[in-house]
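Step one of this worksheet: look at the structure below.
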Protein chains: 2
Amino acid sequence: MAITIKDVAKKAGVATSTVSRTIQDHSSISEKTKKKVRLIMKELGYQPNLAARGLVNQNTQTIGIVLPVSDGLVFQNPFFLEMIRGISKTCNEKKYMVAIASGTTEEELLESIRMMAKGGRADGFIVLYSKKEDQVIDYLYQEKLNYAIIGKPYQHENEILYVDNDNQLAGKDATNYVIGLNHQKIAYICNDMDEMVTAERLSGYQQALTAANIAIDPTYVIAEAFKGTEYKQRLAALFLAEEHPTAVVASDDIVAMSLSNFLKDIGLSVPNDVSIISFNNSIFAEMIQPALTSIDVHIDYLSSQVVEKLVEFIEGRQTIAMKVILPHKIIERDSCKSRTE
Amino acid sequence: MAITIKDVAKKAGVATSTVSRTIQDHSSISEKTKKKVRLIMKELGYQPNLAARGLVNQNTQTIGIVLPVSDGLVFQNPFFLEMIRGISKTCNEKKYMVAIASGTTEEELLESIRMMAKGGRADGFIVLYSKKEDQVIDYLYQEKLNYAIIGKPYQHENEILYVDNDNQLAGKDATNYVIGLNHQKIAYICNDMDEMVTAERLSGYQQALTAANIAIDPTYVIAEAFKGTEYKQRLAALFLAEEHPTAVVASDDIVAMSLSNFLKDIGLSVPNDVSIISFNNSIFAEMIQPALTSIDVHIDYLSSQVVEKLVEFIEGRQTIAMKVILPHKIIERDSCKSRTE
DNA sequence: CTGAAAGCGCTTACAG
DNA sequence: CTGAAAGCGCTTACAG
């Protein structure tokens, strides 16, 4: 069917091994025959069969991206698309291909990963999330597969390759930012406390409050799926009160956006009545009005670094589970206002 | 390394061919030995090597998703993530894997596809966009590869498998919707006229106006990259005029969102001064205020159908290039208002 | 510097 | 109903 190494060899009048070696630019082959063989390859439009090569090399030159189990809305988060994009870009440079593992349930996702791993379809995986009691992450760990996590692992932190921001510090910085604007009544609102990022940012929030001698009020922390009715009720209870929070640290732009709409609906103005600071600096941050002050997490570096490190690992150039922590940066827009009173 | 068919064969006391046949549930193998072999497979945790199987079957059981060349913002469009997700879901059901082809330039993307196609890494491709003079689509066509397009092809329409909405009709329906609300001054605003969807929707817009005896005013059609300054200038010229449009058909939710913000900035209210109807019914439509009336294009069916049809094609169960056209549906929210005057 | 041969993990005629 | 053998398209010791 397609043109193979044999066809090239025959036409060039050499052995297949010679063709193979010129593909790899082996030093043992003379420049002269290399040149000849390369010419024929171009003429014939030869493209090596990666499956065959993988079979003998026991590798696949592909990296699997593990998406979180979808629960609808969260999945529309542009963060994942940007990560896919960034990973893809770096993989292209390194001549790796990228595959996607996803599932509607954890079982389905796991099955998909098992197939890719054991079926020889991926050399390693990049998990785009980190959460508590996740079967997939456990599986990857137990099977000692090559993988890296975006975000801090819940367990075995010292044995796992991961790339992350210092989300605790980021949470602290976000909180300090509004404290610096004279806010004292500061809430923390997030979507799912099982996610590591969310929990870390919360922890930073708490640290900042404590350091500023502001009492931590548990009713000021809301961690519910942000589409639920319970969520709306708790929000209402919080913001319809006379003494409502004047600032909110939102765990990401989507939460911030939804909150911003909610506040408008109940007649509160952002930033006049309530300031909002959030994370990720996604397209949402710019698109919404008022534009969100948001902490940029450098998705481009997150994605390129995770590929770099994972590939080093896969290719055996590195055997130690490093962590790469990237800096963050507050992007000031219009959703925060100094409180003077 | 990993456990192979040989290990299973030895332990079960049969030939490798017998193991292979029980994997495929061949009718020629007795239930008794099948049972025995299956037991051993489970015991050993055997997982077939897909690369080896692909090598002999000359297939890969994977489908490549082709993402458009990124130009920043557009790439944050949740449409693509939802498509990836949907395709992935259907592929899982069919035991196909999904790979991603993307690139920063058309050349890079093409190289990535060539590698996957000729390198035996994908049996077919799903192109998530359709635009004018696209090298990638041309390449797929010339090489007679298996592929399907989301959206109407620019060329060879009758020879290409594709899944789409009737975007012309959708454009007409959107326009008629605002005409039905007594609007006469209706603009059409889009991002990139080279995209087929955009062009089709425009054409439907024009048909609807003509049918309603409304003159088509070329200054009412803006097709610029929506981040450019030229875009802002044209928008300003259009909406700062006394006789500005009272309704806009926006080519998608992102355009609508950006427009909505622009209008607020210059002091026009949506929907009181200007009604907006858009397409895709993405997360943006719900998130923005006022929530957008948007045309749902059934991304879930778009993605499942394209996989169904492409797989039929790949597996030779279908050889005719069908088109599947899915219905659309107006989701009414708060961005359109009847004009009474 | 180059080639013949074995082998990666499968599948599939071909025998029996 | 089952097995021995060839072969998918590569790579890599091993000879020479």
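Chain naming here is simple, since letters A, B, ... match the order of the sequence lines and numbering starts at 1 in each.
- Of the listed nucleotides (C:dC10, C:dA4, D:dT11), D:dT11 has the atom at the smallest distance from the side chain of A:Gln24.
- Judged by Watson-Crick or G-U wobble contacts below 3.5 Å, the nucleotide D:dT2 has C:dA15 as its partner.
- Position along DNA chain D of the nearest nucleotide to B:Gly13 versus A:Thr18 favours B:Gly13 as the more 5'-ward residue.
- Across the protein-nucleic acid pair, A:Lys6 atom NZ and D:dG7 atom C1' stand 8 Å apart, rounded to whole Å.
- A heavy atom lying under 4.0 Å from DNA chain C marks none of the residues of residues 27-37 of chain B.
- Side-chain proximity of A:Asn57 to D:dC10, C:dT12, D:dT11: nearest is D:dT11.
- You'll find that the side chain of A:Arg21 is closest to C:dG3, out of D:dC10, D:dA4, C:dG3.
- As rounded to whole Å, 14 Å separates atom C1' of C:dG9 from atom CD of B:Gln47.
- For A:Ser17 and C:dA4, a side-chain-to-base donor-acceptor distance below 3.5 Å is present, hydrogens and geometry of angles not being considered.
- What separates CG of B:Asn49 from C1' of D:dC8 is a distance of 13 Å, to the nearest Å.
- For B:Ile5, taking side-chain heavy atoms from C-beta onward, the closest of the listed nucleotides C:dT11, C:dG3, D:dC10 is C:dT11.
- Within the structure, every side-chain polar atom (N or O) of A:Asn59 is placed at least 4.0 Å from both OP1 and OP2 of C:dC8.
- Side-chain contact between A:Met322 and A:Tyr162 is absent, with no heavy atoms from C-beta onward closer than 4.5 Å.
- Residue A:Ser20 has a polar side-chain atom (N or O) positioned under 4.0 Å from OP1 or OP2 of D:dT11.
- Within a 6.0 Å sphere centred on CD of B:Gln24, heavy atoms belonging to other residues, nucleotides or ligands number more than 12.
- The shortest distance between side-chain heavy atoms of A:Glu195 and A:Ser130 does not fall below 4.5 Å.
- Distance, A:Leu44 CG to D:dG9 C1': 15 Å, rounded to whole Å.
- A heavy-atom distance below 4.5 Å is not found between the side chains of B:Lys131 and B:Met196.
- For B:Asn158, the CG atom sits in a loose shell: 12 or fewer heavy atoms of surrounding residues, nucleotides or ligands are nearer than 6.0 Å.
- Rounded to whole Å, atom P of D:dC10 lies 21 Å from atom CZ of B:Arg53.
- With no hydrogens or angles considered, a side-chain donor-acceptor pair links B:Tyr129 and B:Asp134 at under 3.5 Å.
- Rounded to a whole Å, the CD1 atom of B:Ile23 is 10 Å from the C1' atom of C:dG9.
- Donor-acceptor pairing under 3.5 Å is recorded for the side chains of B:Asn92 and A:Glu108.
- Proximity of A:Gln58 to the phosphate of D:dT11: no side-chain N or O atom is located under 4.0 Å from OP1 or OP2.
- Donor-acceptor pairing under 3.5 Å is lacking for the side chains of B:Tyr141 and B:Gln155.
- Note: NE2 (B:His26) to C1' (C:dA13) measures 10 Å, nearest angstrom.
- If you measure from atom CG of B:Asp7 to atom P of C:dC8, you get 11 Å, rounded to the nearest angstrom.
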